[in-house]
Amino acid sequence: MSNTDEPKVDFSAIPSDFIRDAIKQDLAEGRFSRVHTRFPPEPNAYLHIGHAKAVWIDYGIAQDFGGLFNLRFDDTNPAKEEQEFVDGIIEDVKWLGADWGDRLFFGSDYFEQMYDWALVLIKKGSAYVCDLSPEEVSATRGTLTSPGTNSPFRDRSPEENLDLFTRMRAGEFPDGSRTLRAKIDMASPNMNLRDPVMYRILHTEHHRQGDKWCIYPMYDWAHGLEDSIEGVTHSLCSLEYVIHRPLYDWFLDELNIYHPRQIEFPRLNMTYTVMSKRRFIELVNGGYVNGYDDPRLPTLAGMRRRGYRPEAIKEFVTRVGLTKADSIIEEHVLEDCVREDLNKHAARVMGVVNPLKVVITNYPEGQTEELEAINNPEDPSAGSRRVPFSKVLYIEKDDFREIPPPKFYRLTVGKEVRLRYAYFIICTDIVKDANGEVVELHCTYDPATKGGDAPDGRKVKATLHWVSAEHAVKAEIRLYDNLFSKPDPDDVEEGQTWFDNLNPSSLVVTEGYVEPSVADTPVGTKYQFERMGYFCIDKDSTPSRLVFNRTATLRDTWAKIAKAQG
RNA sequence: UGCCGGAUAGCUCAAUUGGCAGAGCGUCUGACUCUGGAUCAGAAGGUUUAAGGUUCGAGACCUUAUCCGGCAGCCA
């Protein structure tokens, strides 16, 4: 039972970072009495993992403080935006797990209100119509170290400005001929304050507003108004907008309307990849990747297709943390999050990526038996399944060595290993092709070891995965690796470009075999191929042809040993 | 020669109002195992960018320097 009128949020339960701390202080000192955030993408591209960070900052903070969260499209530039991206972004944000309820908004829906507010500024002499060309505006802006010069149109009367601005809206003037500018200070050390453009003329159809408008608001003018209209308390954006904050504040103050607080955080960067729309386009158009949902791209669509679960992405974003410092996250951190997540949620199955035929010479011809296999040792409720075993099998090529290197525990002539859930086998003979390559193994099995345990208690060093040749399902398996071979794709020699750092082995396709239990599962189903990694069924699969994407390998101690041996 | 940020372990981040510099990942050891996975245990790893100042006491506050990033679209 509480004696206070309003329930107080327990701040101590809310994690600490510079943004949450600032919000706690705002609440404690009464600047705001509630928390309301928004995620404001421009619908001009698909979202990538950097956006996932922003989503989880915005949505996570709203959740932590028991506040509201809006999904708002910042669609103020019709030249760049498309409905396709609106739909894609909605799908991506939903997939991530951020819930905006019915709070889905479009900046363009506020154009009328923004126009009215522009009139207010014109009337009080804080904005003017400028006839300078884009080139002239640029030339009179000054430089980083020298002030700009005033526009000759700066001192037009409010009446003239009103007339001109009204006619701009009415469509009397061609693109680029005039702008509405805020009258601030052409000598400001902050370039953004040197009479920034508020409206430009654009006779372009808007994906949502059609041809209703031919003047469109600029970001700086629009964004704070959108936040204000929606009652956002904390407008969280990336660091590049720090320098825009004085302008954000200036417009709101000039209008004397509800004033949210902008706080900036750094963008996410990751090694071995690129994170910009422009580069995604170049990669796609150049045929280096197969579309925006290519599993090698850090787009949310790509990661979803690769088999990442949104839970892994959330964990990643959490691990990255939130500070004011720019940083580059190592790619393996994401991979580790993906493994940790899939380890708990992916059913285990046996799949052979690079098959090597094995004949069990002492196994009865034509016999098949079903052996019990555990679906997920991490999750007893996942139960078990039956896997068919017969005389001819496939094992992984890498699991056999004619001449084993030191510490190689797997199969070689004369050595006994276990076939998982099946039998102990010993390799007796090898069959080679004309090139001297091993193409088939002859082995014998010990019937007493059925299920995988020897009654006499003898041990084997290795357990191999396998499939029955007669029962296995053939599958295309796509093995993905980093898109770039250097941590920083821009780390290039003289005369080279970042394209030269593309990893030629970022996609390797093999023909493998998987156990029959996976045959009829839907696209997106995630498995762990025992000892090989995590795989999911790709959308390219057809009823007659399974296609798997490798989401991630398992941590491979042997690979490390092998590498150390050279 | 401008303005605004930032700098703590290899990486990402912690460190109550100034009070013994910690964690996760990575690395290395070891244990265990019907996945050489998972798991568990342990270890190494720091002149907190530098110099000065305030203070009984500074990663934190002040000054200066260095390095890194952002800013001169009618993009967002």
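Per chain, numbering begins at 1; letters A, B, ... match sequence-line order.
- Side chains of A/Pro404 and A/Tyr409 form no contact here, defined as non-hydrogen atoms less than 4.5 Å apart.
- Residue contacts for A/Pro246: at a heavy-atom cut-off of 4.0 Å it reaches no nucleic acid atom on any strand shown.
- Remark: A/Val197, A/Arg200 in residues 197-207 of chain A come within less than 4.0 Å of RNA chain B through at least one heavy atom.
- If you check B/C74, B/A76, B/G36 against the side chain of A/Pro134, the one that comes closest is B/C74.
- With sequence neighbours excluded, no residue forms a side-chain hydrogen bond (donor to acceptor under 3.5 Å, both in side chains) with A/Asp326.
- Every residue meeting the side-chain contact (heavy atoms from CB on, under 4.5 Å) condition with A/Ser126, not counting sequence neighbours, appears here in chain and number order: A/Leu121, A/Lys124, A/Trp250, A/Glu254.
- For the residue pair A/Gln528 and A/Tyr534, a side-chain donor N or O sits within less than 3.5 Å of a side-chain acceptor on the partner.
- Of the candidates B/G73, B/A38, B/C75, B/C75 carries the atom nearest the A/Lys80 side chain, counting heavy atoms from C-beta on.
- For the segment residues 326-339 of chain A, the set of residues with a heavy atom within less than 4.0 Å of an atom of RNA chain B comprises A/Asp326, A/Ser327, A/Ile328, A/Ile329, A/Glu330, A/His332, A/Asp336, in numerical order.
- The separation between A/Lys344 atom NZ and B/G37 atom P is 18 Å, rounded to whole Å.
- Side-chain polar atoms of A/Tyr110 and A/Glu230 form a donor-acceptor pair below 3.5 angstrom.
- If you check B/A15, B/A72, B/A38 against the side chain of A/Asn343, the one that comes closest is B/A38.
- Under a 4.0 Å N-O distance rule, the pair A/Glu340/A/Arg319 qualifies as a salt bridge.
- A/Tyr394 has its ring centre no less than 6.0 Å from the ring centre of A/Trp466.
- Look at the C1' atom in both B/U54 and B/C61: the space between them is 8 Å, to the nearest Å.
- Closest approach to the A/Ile243 side chain among B/A72, B/A7, B/C71 is made by B/C71 (side chain taken as heavy atoms from C-beta onward).
- Of the C1' atoms belonging to B/A58 and B/A51, the separation is 15 Å, rounded to the nearest Å.
- Not counting sequence neighbours, the partners of A/Thr271 by the side-chain contact (heavy atoms from CB on, under 4.5 Å) test are A/Ile328, A/Glu330, A/Glu331, A/Pro487.
- Base orientation at B/G37 is anti, since its O4'-C1' glycosidic dihedral falls outside 90° of 0.
- Using a cutoff of 4.0 Å between basic side-chain nitrogens and carboxylate oxygens, A/Asp185 and A/Arg194 are not scored as salt-bridged.
- RNA chain B forms stems at B:2-7 with B:66-71, B:10-13 with B:22-25, B:27-31 with B:39-43, B:49-53 with B:61-65, each a run of 3 or more consecutive Watson-Crick or G-U wobble pairs whose two key distances fall under 3.5 Å.
- Closest contact between the side chain of A/Leu554 and the listed nucleotides B/G24, B/G37, B/C71 involves B/G37.
- The A/Met191 side chain lies nearest to B/C71 when the options are B/G37, B/C71, B/U35.
- Distance check on atom P: B/U55 versus B/C62 gives 16 Å, rounded to whole Å.
- When distances are taken from the side chain of A/Thr463 to each of B/U35, B/C4, B/A76, the shortest belongs to B/U35.
- Taking every side-chain heavy atom of A/Arg141 into account, B/C74 is the closest of B/C74, B/G24, B/G70.
- Among B/G73, B/G2, B/C13, the nucleotide with an atom closest to any side-chain atom of A/Thr145 is B/G2.
- If you check every strand for non-hydrogen atoms under 4.0 Å, A/Ser133 touches a base.
- Residues A/Asn269 and A/Ile329 have side chains not in contact (no heavy-atom distance under 4.5 Å, counting atoms from C-beta outward).
- Residue A/Glu42 is in sugar-phosphate contact alone, with no base atom involved, counting any heavy-atom pair closer than 4.0 Å across all strands shown.
- Of the candidates B/A76, B/U39, B/C4, B/A76 carries the atom nearest the A/Met218 side chain, counting heavy atoms from C-beta on.
- Defined by atom type and a distance below 3.5 Å, a donor-acceptor pair is present between the side-chain atoms of A/Ser381 and A/Asp379.
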